[in-house]
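Owing to the predicted nature of the structure, the values given are computational and were not obtained by experimental measurement.
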Amino acid sequence: MLDFVQQYLPVVIVGAIIGAFSLVFVFASLALKKVKDEDSDRHMADSEIIKRLMGYAKPYWKSFIGVFFIMLFSIGYDLISPLLVSRIQKLLQEDFALSQLFGLVAVYAGILIVSLICTYLQAMILQKTGQKILSQIRQDVFSHIESLSHEQLNNIPVGKLVTRVTNDPNAISYMFTNILVTLAKNCMVIVGVLGAMLVLNYALTLMVLAFVPFVILFTVIFRKFSRRVHRTVSNATTDINTYLSENLSGMKITQIFNREEQKMADFVARSRKLKKAKFNRMYVFGVFRPMVYMLFVSTQMCLFYFGAKGYLENTRFLGQIIDGSTVVAFYMYISRFFNPIQTLAEQFDMLQRSFASSEKIFTILDMVPQIVDEPDAMDLENMEGRIEFRDVWFSYKPDEWVLKGVSFTVEPRQTVAFVGSTGSGKTTILSLICRNYDIQKGQILIDGIDIKKIRIASLRKHFGQMLQDVFLFSGTIRSNILLNQDGVSEEEVREAVRYVNADSFIDKLENGLDEVVRERGNNFSAGQRQLLSFARTIVHKPAVMILDEATANIDTETEILIQDSLEKMKNIGTMLIVAHRLSTIQHADNIILLSKGRIMEQGTHQELLAQKGRYYGLYTLQYSKQQLEG
């Protein structure tokens, strides 16, 4: 035994070093199980992720099969070139004709050229296919976000959604364009190289295979660490995107209150967290690849040791002779065996990044929309505008009722106003009519039909909403009025603008309807934005118009224009108004006063004043305040 150890001491030392590293990694892996994973949306098995991602690749199966066959030709270079070099090396040791050498070199060059052409074709096909898959994933995520309810959207930061639609699909795209095919190619190269080595010299092949269990062990352990750090990086990226999205939008508030230093400190803290996460990912990858390289070098050392020992001592290794040409061929084969394994490390790193991004995307896609069409939901082609609430109860949170047994009826083409203190349920009523939320008790009817029996898209197309905080998209005035609606003529757009008095400022602009609208319409005043929202509503010809504090925070001059617009719009259809200024709703057909989710009074302006109840008190208070301000 001692003689054996002395004879093969270098090999024993190499084995001891590899064994020591293996124990360290095993203990690190066991310790990792005891550490609680950082917060992530969910944990999906790799098999489940791959199965779902393959659903996106399925329509392009012909392209992937084509790439597979092209890849087989390129693999030929990796398998045949060592044998050709070995043959050339053996030929140089013998008497040979120059034509034989030229022939072998020509064959080698031909195989190399074919391999390069195949690699180019493979890359082009995969890039085109990958971009198609990337586009489909983004469309699916964006479309699913559109289907989520208001409550769900309120609970998800905008920055997080932006990350899901932009950053995460890019990581998945790389998997389709590079990782999967490279993984398949490398696996086939490894199998092919092993087969060629077995044919050439099974003894040295067994020596190479002795290192394979350690490669597998390191890879399995690396997978655990890699997936954890990729989750951490993904979470940190989402966190910083969310922070940026919110604080860049609110930068004016930060400046007004002189909080730049505090916000900068918060941003730096998030940036450091992301940097630390990326460093951890770099450390994990920086440990794994050198370990594989160590196995590669150890295998070559053993090859040279057994080859030199056999040549110098004229001995056999496991009964087989090892000559110079065999050592040259195996040296190249070992490189081709471990190079794919080292590449697999990099590809595996990217694969884990893709899996981490996939988890995030599937988390969004797996969110079940809270407001969905009933199986027997119908389309509502025309709407008269009759609205009825029957004993409606609603709460945003369990047992915290916002509406308590609310019942009322709005007849077609009536103008009904809702008044009351903040939190009384006015805006909630308007949201429920459009089915932005579903009620817990009672029934809401449109033209005698329960709104749950009407398809959501069909229901909402009959409503036009004008809110206090008007949202304008980047583009032009025209694009913000049309919102990509087809079939609207130029004259109809201009007529809508004139109808709501928006022409009073649009005609003064250099580009008129084609004037550029910056982000959120910040190059227009609040009153101008409100008039544009009125024009947008008129163009879409709604049966029911909803105004939620549309006249709040408007200067007196613009308010006169808006009031005139409202008078005209009453002739279009049913109008529902929420307003704090009671002077703006005096001509409403019905005024409903709410308090703590219940209807306390309702009637016309004159009827409510005659009752001298809560409405009378509110009106008197506002009138007195106006007199003092005047």
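- Pairing each heavy atom of P542 with each of G464, the nearest pair is CB-N, 3.4 Å.
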Expected list for residues 259-270: side-chain donor-acceptor pairs under 3.5 angstrom, two or more places apart:
unit_1 : atom_1 : unit_2 : atom_2 : d
Q262   : NE2    : D266   : OD1    : 3.2
K263   : NZ     : N247   : OD1    : 3.2
R270   : NH1    : D266   : O      : 3.4

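- Of the options V539, N501, V500, a side chain to side chain contact (heavy atoms under 4.5 Å, CB included) to F534 is made by V500 and by none of the others.
- Between N511 and V516 there is no side-chain heavy-atom pair separated by less than 4.5 Å.
- A donor-acceptor contact shorter than 3.5 Å links the side chain of R138 to the backbone of V165.
- A donor-acceptor contact shorter than 3.5 Å links the side chain of D447 to the backbone of E384.
- Of the inter-residue distances, the one linking L532 atom CG with Q528 atom CD reads 7.5 Å to the nearest 0.5 angstrom.
- Side chains of V493 and L513 form a contact here, defined as non-hydrogen atoms less than 4.5 Å apart.
- Scored by the side-chain contact (heavy atoms from CB on, under 4.5 Å) test, D450 finds Q443, L445, K452, K453 as partners (sequence neighbours excluded).
- Checked by atom type and distance alone, the side chain of Q127 never pairs as donor or acceptor with a backbone atom of M124 at under 3.5 Å.
- Screening residues 473-483 for salt bridge (charged side-chain N to carboxylate O under 4.0 Å, His left out), with sequence neighbours left out, gives R478-E490, R478-D514.
- Q131 and S135 share no side-chain donor-acceptor pair at under 3.5 Å.
- For the pair E492 and R494, the salt-bridge criterion is not met [side-chain N within less than 4.0 Å of a carboxylate O].
- Using a 4.5 Å heavy-atom cutoff, the side chains of R386 and P412 are in contact.
- S533 contributes atom OG, which lies 11.0 Å from atom CD of Q465 (distance to the nearest 0.5 angstrom).
- Counting heavy atoms from C-beta outward, T415 and N590 have side chains that stay 4.5 Å or more apart.
- A donor-acceptor pair under 3.5 Å links the side-chain atoms of N154 to the main chain of H150, judged by distance alone.
- Checked against ring pair (Phe, Tyr, Trp, His ring centres under 6.0 Å), F142 has no partners two or more places apart in sequence or in another chain.
- The CD atom of Q530 lies 7.5 Å from the CG atom of L547; values are rounded to the nearest 0.5 Å.
- Between S479 and T476, some side-chain heavy-atom pair lies under the 4.5 Å cut-off.
- Residues I477 and L509 form a side-chain contact, since some pair of their non-hydrogen atoms from C-beta on lies under 4.5 Å apart.
- Every pair passing ring pair (Phe, Tyr, Trp, His ring centres under 6.0 Å) that includes a residue from residues 589-612 is listed here, sequence neighbours excluded: H605-Y615, H605-Y619.
- A cation-pi contact, defined as under 6.0 Å to the ring centre and within 45° of the axis, is absent between K508 and F505.
- No more than 12 heavy-atom neighbours from other residues, nucleotides or ligands sit within 6.0 angstrom of CG on N382.
- Listed by first and then second residue, the salt bridge (charged side-chain N to carboxylate O under 4.0 Å, His left out) pairs that reach into residues 585-599 come to none, sequence neighbours excluded.
- Across S358 and L53, no two heavy atoms sit closer than the pair OG-CD1, 3.5 Å.
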With side chain to side chain donor-acceptor pair (under 3.5 Å) as the criterion, how do T238 and R164 come out once you've worked through the C-alpha distance, each side chain's angles and the decisive distance to 0.1 Å? CA-CA 8 Å; T238 298; R164 299 298 167 263; 3.2 Å; yes
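- Annotation: side-chain contact (heavy atoms from CB on, under 4.5 Å) contacts of L483 (sequence neighbours excluded): F473, R536, H540.
- For the side chain to side chain donor-acceptor pair (under 3.5 Å) condition, the pairs that include at least one residue of residues 394-407, sequence neighbours left out, are Y396-T428.
- Between the side chains of S474 and R518, no donor-acceptor pair of N or O atoms lies under 3.5 Å.
- In this view, K278 and V233, L274, R281 satisfy the side-chain contact (heavy atoms from CB on, under 4.5 Å) rule, not counting sequence neighbours.
- In this view, F389 and F408 satisfy the ring pair (Phe, Tyr, Trp, His ring centres under 6.0 Å) rule, not counting sequence neighbours.
- Between the side chains of D140 and Q136, at least one donor-acceptor pair of N or O atoms lies under 3.5 Å.
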I439/W393 under side-chain contact (heavy atoms from CB on, under 4.5 Å): CA gap, chis, key distance, verdict: CA-CA 6 Å; I439 61 176; W393 291 69; over 6 Å; no
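- Scanning all heavy atoms of the two residues, the minimum distance from T163 to N241 falls at OG1-ND2, 2.8 Å.
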Side chain to side chain donor-acceptor pair (under 3.5 Å), that's the test. Do S143 and E146 meet it? Break it down for me. CA-CA 5 Å; S143 175; E146 288 184 317; 4.7 Å; no
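- Side-chain atoms of S147 do not come within 3.5 Å of backbone N or O of P369 as any donor-acceptor pair.
- The side chain to side chain contact (heavy atoms under 4.5 Å, CB included) test with L134 singles out one residue from I172, N170, T129, and that residue is N170.
- V517 approaches F524 most closely through the heavy-atom pair CG2-CE1, 3.8 Å.
- Annotation: ring pair (Phe, Tyr, Trp, His ring centres under 6.0 Å) contacts of F463 (sequence neighbours excluded): none.
- Heavy atoms only, all atoms of each residue included: A535 and A496 are closest at O-CB, 4.0 Å.
- When all heavy atoms of R435 and I371 are compared, the closest pair comes out as O-CG2, 3.5 Å.
- In this structure a side-chain-to-backbone donor-acceptor pair under 3.5 Å is missing from K426 to L594.
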After noting the C-alpha distance and the side-chain angles of R390 and E388, does the key distance pass the salt bridge (Lys or Arg N to Asp or Glu O under 4.0 Å) rule? CA-CA 6 Å; R390 293 181 180 175; E388 183 180 358; 2.9 Å; yes
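- Between the CD1 atom in I546 and the OG1 atom in T537 there is a gap of 10.0 Å [rounded to 0.5 Å].
- With a 4.5 Å cut-off on side-chain heavy atoms, F418 and V416 count as touching.
- Salt-bridge formation is not detected for the pair D168/K360: no Lys NZ or Arg NE/NH1/NH2 atom is positioned less than 4.0 Å from an Asp or Glu carboxylate oxygen.
- Between the side chain of R529 and the backbone N or O of L472 there is no donor-acceptor pair closer than 3.5 Å.
- To the nearest 0.5 Å, atom CD1 of residue I49 and atom CZ of residue F355 are 6.0 Å apart.
- Summarising the geometry, atom CD belonging to Q414 is positioned 10.0 Å from atom CD1 belonging to I387; distances are rounded to the nearest 0.5 Å.
- Residues forming a side-chain contact (heavy atoms from CB on, under 4.5 Å) with M367 (at least two apart in sequence, or on another chain): H144, L148, Q152, I156, I364.
- Residues L593 and L618 are in side-chain contact: their nearest non-hydrogen atoms beyond the backbone lie under 4.5 Å apart.
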